[in-house]
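Heavy atoms only: backbone and side chains are in, while hydrogens, waters and symmetry mates are out.
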Amino acid sequence: MSANPYYLAKGYTPQTRFTRFDAAGTLSIWTPTTSCRVVITGLHVGATNGGSMTIGWSYSSGGKQVAQFVLAGSAFVSPTIGAIEGTAIDGKLWAAVSAGGTDSWAVTAYGFEMPGF
């Protein structure tokens with residue numbers, strides 16, 4: 001059974017988060033509802049100007065790295081993932097980019113929020 005049907009069968013509602021970057025730095029992609037944790041079942045990352053993007057989990061930037069992408073300008077990547085389940089209750093999914101410019105990076109995260117047990 002793939003990840004989406006599994007979490008749907010457990011009664012969780014699929015959710016989508018979209019973040020656009022206008023400058024180099026770190027932004028939150030997904031801040032879960034209080035006392036919840038996040039499961040990522042899909043990612044789409046696009047770069048207008050190119051550079052690198054690091055995605056990770058924590059209460060703030062600089063936590064556990066989940067993925068890193070290095071893309072040329074006008075590039076897009078959509079990695080195949082089953083599920084990446086965060087273990088930190090109230091832990092954010094964040095991204096840090098190396099280069100900026102107007103709408104230079106965009107990331108869409110698909111997944112579910114689950115109560116933290």
>> What verdict does the side chain to side chain contact (heavy atoms under 4.5 Å, CB included) test give for L27 and F21, after you've listed the backbone C-alpha separation in whole Å, the side-chain angles of each residue and the deciding distance to 0.1 Å?
In response: CA-CA 8 Å; L27 289 176; F21 293 79; 3.5 Å; yes

>> salt bridge (charged side-chain N to carboxylate O under 4.0 Å, His left out) for E113 and R37? Distances and angles first, verdict last.
In response: CA-CA 6 Å; E113 285 192 8; R37 53 197 179 98; over 6 Å; no

> After noting the C-alpha distance and the side-chain angles of V38 and W57, does the key distance pass the side chain to side chain contact (heavy atoms under 4.5 Å, CB included) rule?
Replying inline: CA-CA 10 Å; V38 176; W57 295 107; 3.7 Å; yes

> Yes or no on side chain to side chain contact (heavy atoms under 4.5 Å, CB included) for K10 and M114, after CA distance, side-chain angles and deciding distance?
Replying inline: CA-CA 10 Å; K10 297 289 184 180; M114 305 181 335; over 6 Å; no

>> Rounded at 0.5 Å granularity, tell me how far CZ in R20 sits from OG1 in T108.
In response: 9.0 Å

> So I29 and F18, side chain to side chain contact (heavy atoms under 4.5 Å, CB included) or not? Walk me through it.
Replying inline: CA-CA 7 Å; I29 299 171; F18 175 78; over 6 Å; no

> Nearest heavy-atom pair of A3 and G82: which atoms, and what distance?
Replying inline: CB-O, 3.0 Å

>> With rounding to the nearest 0.5 angstrom, report the CG to CD1 distance, L93 to I40.
In response: 4.5 Å

> Rounded to the nearest 0.5 Å, how far does CH2 of W30 lie from CD1 of I55?
Replying inline: 12.5 Å

>> Are the side chains of Y110 and P14 in contact, using a 4.5 Å heavy-atom criterion?
In response: no

> Do V66 and V77 share a hydrophobic cluster (ILVMFWY, side-chain heavy atoms under 4.5 Å, transitive)?
Replying inline: yes

> Going by the angle between their ring planes, with limits at 30° and 60°, are F76 and H44 parallel, tilted or perpendicular?
Replying inline: parallel

> Taking all atoms of both residues into account, what is the closest heavy-atom pair of A75 and A72, and its distance?
Replying inline: CB-O, 3.1 Å

>> With a 3.5 Å distance limit and no angle check, can you tell me whether Q68 reaches the backbone of S52 through a side-chain donor-acceptor pair?
In response: no

> Can you find a pair of side-chain heavy atoms, one from N49 and one from W105, that are under 4.5 Å apart?
Replying inline: no

> Do L8 and Y12 sit in the same hydrophobic cluster, where Ile, Leu, Val, Met, Phe, Trp and Tyr count as joined when their side-chain heavy atoms come under 4.5 Å apart?
Replying inline: yes

> Donor-acceptor pair, T41 side chain versus A83 backbone, under 3.5 Å?
Replying inline: no

> Nearest 0.5 Å, what's the CZ-CG distance between F69 and L43?
Replying inline: 5.5 Å

